[in-house]
Amino acid sequence: MAVIVDLVSDDDVFELDEGNDGQVGVSSYPARRNADAPGPSRLVRQDADGMANGATPSASLVGMYVEMGFPKEMVLKAIKEIGKRDESAVLSLLLAYTEDDDSVGSCSTSRRIPQRVEDDDDDDEEEDDDFDFEDWDDDVDAGQRDPHSDGSGDEEFLQEMSQLDKQIKSLVDMGFPEDEANRALRRCGLDTPMHVLVDSIYASQHDPEVMDENRFSSCVGRKKARFTEDSKKRKRYGGGAHGSQPPWDGGHEESISLPKPMVGFGLPGDRPRSVGRWLPAHSMRAPFFYYENVALATKGAWAEISRSLYGIEPEFVDSKYFCAALRKRGYIHNLPTEGRSVLRPIPPKTIFEAFPQYETWWPSWDQRRQLNCLQTCMASAKLTERIHRALANSTDPPTQAVQKRVLEECRKWNLVWIGKNKVAALDYLEMEFLLGYPRDHTRGASKKKRDKCLGNSFQVDTVAFHLSVLKDRFPCGMNVLSLFSGIGGAEVALHKLGIRMKTVVSVEICEASRNILRTWWDQTQDGTLIEFRDVQSLTHEKIASLIRQLGGFDLVIGGSPCNNLAGSNRHHRVGLEGDQSVLFRDYVRILNSIKSIMANVG
DNA sequence: CGCAGTCGGATAAAATCA
DNA sequence: TGATTTTATCCGACTGCG
């Protein structure tokens, strides 16, 4: 049964579903009474807006360099000179400031200036152009790109001015006393990232003898020295999670390299081995958390995400080791990594095992055995029809050129062979299957919505593998905070693991996704589902109230939207500078809120 | 340098709905 | 018929790798 908590603003109210025994839920659970009051929600929204505006990207950028050990004035000067976009150039300039006699300056030439090649005609154009993709004109777009001018420097300085107030306010919002926030800021400096401040406060609360100024200043010093060295060598960490990798330090690097193979901290069936990742003490405090996002994000995004999440090393996993489709994702969590188990039955890992019917029509020259990442956009029927015609009119087997073009499209759009010379996009039932959801899990939403929701969702088996360590730790069930829940991948994974969910507080802005999760919940769960639409309505006070009601959260799980990070986004791939980064800040804010409240309570 | 790969978005046309 | 939703089509960039 579900309890619906409506914190939506007046202009966008979703109503209680009368048919869904909402009354039983309401009467059975006192949760609704407190959470339902319309008064605070308005106040809450204003607070939330304030927070959102406070998290200026430039401030965090400045903070990053200050954290590396560069003086703030120097950082501001460098950013003003270079612009905030080109982080490597800023860094090079900073290094040049500090080490004038060094030859590091060569790095600064790495600033990339868009260039146009004069005549970019495709030189691989085949003479025997016997395929009739009449619409497949490969004209090169000769549109000139506008040089992005980024001269908004003064605003940044103004924003820096109120940094102190905002930092203090943020910390107070998280539940820390103002004097402690003040002390932490004095200890660590104005531009210290929030997680370091939180760390500092925790440390002073719990290990007062360890806590003094030189703890952080010495850290900064080391970081700077190491960073300088690495910048010269252009060396990167990573390179395989197996065996003897160096200790994790990516959180302070300019970028994090992806492991190859992308198997995370170990696959099912691997010999157990110690991961050796470093988890700072306060990150180990309850609750467990599990954050997800695309692995192939913009450069430096994962370093920043990791910095915000206690500097924990991301676990990069490609779900191709769990199902028949690729899905490269990074996960930052504080879960134990030993004693993991897999869901059964084990899903098929090749296309033919998953969909035997397609083998009949699969041409030998299409050597794909796994599908690419399932995305939110689907191939149009026009495209598959063009391919059909082209192949029908071609020789058998088709010429190399035709094969190449067809394969390109098949890979790009994840097409499968449904008949002679006939390809089609996957349908949502197949996507549900590949991603580990029950059949017709997304039923009720429109076809388009189903595609979109599924393209954004967890691969259940992968996530369940990581979450499996919780089963024995919570035999009586868990209270879960599910942020950006989507269609409930986390919930489905926990359910498949046989972990009871006493209460799930779910935040999801998309109504179709909420409906999907609620429907599934009503069919499969006996616990309480509390829904929020807007993550910003989950204020510190609201979280505290929920914790009082529930006795605390055991798991905070979710992935923040990737719109600004995803490689396939052609328009706004601006990394954590983008508007979606607000949601990531909310994730961090809420997690820190919970940790601080639960630390104070228990 | 070429290639493969990527939880996408804005727009207008078309279809559906009230 | 006008409003709303769905569909089709058009958009390059960035990263890592060899």
Side-chain angles (χ1 to χ4, degrees), chain A residues 85-86 88 112 114-117 120 122-124 135-146 148 236 238-239 254-262 291-302 316 318-320 325-331 367-368 370-386 404 407-414 425 431 434-435 445-459 462-463 484-487 489 510-513 558-575 578-580 583:
Chain A
R85 295 256 170 228
D86 195 333
S88 70
R112 301 190 306 104
Q115 292 180 357
R116 269 213 64 79
V117 179
D120 201 12
D122 16 35
D123 33 17
D124 60 342
D135 297 336
W136 284 6
D137 46 349
D138 23 15
D139 52 335
V140 177
D141 174 33
Q144 71 284 5
R145 45 194 93 182
D146 50 344
H148 62 278
R236 283 185 187 159
E254 59 176 326
S255 72
I256 296 174
S257 66
L258 300 174
K260 190 177 163 61
M262 196 180 281
Y291 171 83
E292 178 259 12
N293 214 320
V294 291
L296 282 72
T298 50
K299 205 169 185 174
W302 271 107
F316 292 106
D318 190 337
S319 289
K320 73 177 181 180
L326 278 63
R327 202 169 189 80
K328 297 184 177 66
R329 296 289 181 270
Y331 308 88
Q367 301 194 340
R368 290 176 300 156
Q370 288 191 299
L371 294 158
N372 277 332
C373 183
L374 307 185
Q375 300 194 92
T376 58
C377 295
M378 286 291 132
S380 67
K382 289 261 176 74
L383 173 67
T384 55
E385 180 53 29
R386 281 206 297 274
K404 184 165 178 290
L407 275 176
E408 259 178 40
E409 299 297 331
C410 285
R411 290 178 193 276
K412 180 176 179 181
W413 295 104
N414 259 336
M431 289 175 67
L434 288 168
L435 292 168
S446 71
K447 179 185 180 306
K448 191 74 180 173
K449 281 272 169 55
R450 293 179 79 162
D451 287 344
K452 179 142 189 164
C453 294
L454 284 162
N456 287 329
S457 67
F458 283 174
Q459 206 285 325
T462 310
V463 173
F484 315 110
S485 308
I487 59 174
C510 167
E511 184 182 357
S513 294
S560 65
C562 67
N563 308 17
N564 296 127
L565 305 178
S568 49
N569 187 339
R570 295 161 174 154
H571 285 272
H572 299 103
R573 199 188 184 200
V574 290
D579 48 357
Q580 299 284 321
L583 302 178

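Chain letters run A, B, ... following the sequence lines, proteins first and then strands; every chain starts at 1. Bear in mind that the values here come from a model prediction, so they are computed numbers and not experimental data. Just so it is clear, the values below take in all heavy atoms, side chains as well, and ignore hydrogens, waters and symmetry mates.
Without hydrogens or angle criteria, A:Arg573 side chain to A:Ala566 main chain gives a donor-acceptor distance under 3.5 Å. The main-chain N or O of A:Leu374 is found under 3.5 Å from a side-chain atom of A:Arg327 such that the two form a donor-acceptor pair. In this structure, the side chain of A:Asn372 does not engage the main chain of A:Trp413 through any donor-acceptor pair within 3.5 Å. Proximity of a side-chain donor or acceptor of A:Asn564 to a complementary backbone N or O of A:His572 within less than 3.5 Å is detected.
Across all strands, A:Thr298 comes closer than 4.0 Å to no nucleic acid atom at all (heavy-atom distances). Using a 4.0 Å heavy-atom distance criterion, A:Glu292 is classed as a base contact. Using a 4.0 Å heavy-atom criterion, one finds that A:Ser319 contacts no nucleic acid atom at all. Residue A:Cys373 is in sugar-phosphate contact alone, with no base atom involved, counting any heavy-atom pair closer than 4.0 Å across all strands shown. At the heavy-atom level, A:Arg329 lies under 4.0 Å from base atoms of the strands shown.
Summarising the geometry, the separation between NE2 on A:His571 and P on C:dA13 is reported as 11 Å, rounded to the nearest angstrom. The NZ-C1' distance, from A:Lys447 to C:dT6, rounds to 11 Å in whole Å. Whole-Å rounding puts the A:His572 NE2 to B:dC7 P distance at 18 Å. Atom CG of A:Asn456 is separated from atom P of B:dT6 by 14 Å (rounded to the nearest Å). A straight line from CG of A:Asn569 to P of C:dT15 spans 14 Å, rounded to a whole angstrom. What separates CZ of A:Arg368 from P of B:dA4 is a distance of 13 Å, to the nearest Å. Atom P of nucleotide C:dC14 and atom CZ of A:Arg573 are separated by 8 Å, given to the nearest angstrom. Nucleotide C:dA13 holds its P atom 18 Å from the CG atom of A:Leu296, rounded to whole Å.
Here the side chain of A:Lys452 is nearest to one of B:dG9, C:dT9, C:dT15, namely B:dG9. In the set C:dG18, B:dG8, C:dT15, C:dG18 carries the atom at the smallest distance from any side-chain atom of A:Lys260. Of all nucleotides listed (C:dT9, B:dG5, B:dC7), B:dC7 comes nearest to the side chain of A:Ser568. The side chain of A:Ala381 lies closest to C:dA8 when the candidates are C:dG16, C:dA8, B:dG9.
Across all strands shown, C:dA3 is found opposite B:dT16 as a Watson-Crick or G-U wobble partner, with both distances under 3.5 Å. Pair assignment for C:dT15: B:dA4, on the basis of Watson-Crick or G-U wobble contacts that are both within less than 3.5 Å.
C:dG12 sits 15 Å from B:dC3 when the C1' atoms are compared, rounded to a whole Å.
Between A:Asn563 and B:dC7, a side-chain N or O to OP1/OP2 separation shorter than 4.0 Å is absent.
Nearest heavy-atom pair, A:Tyr291 versus A:Ser560, reported as atom, atom and distance to 0.1 Å: OH-OG, 2.6 Å.
Residue whose closest nucleotide on DNA chain C sits further toward the 5' end, between A:Ser380 and A:Ala566: A:Ser380. Positionally, the nearest nucleotide of DNA chain C for A:Ala379 lies more toward the 5' end than for the other of A:Ala379 and A:Ala297.
By the 4.5 Å heavy-atom criterion applied to side chains, A:Val463 and A:Tyr331 are counted as neighbours.
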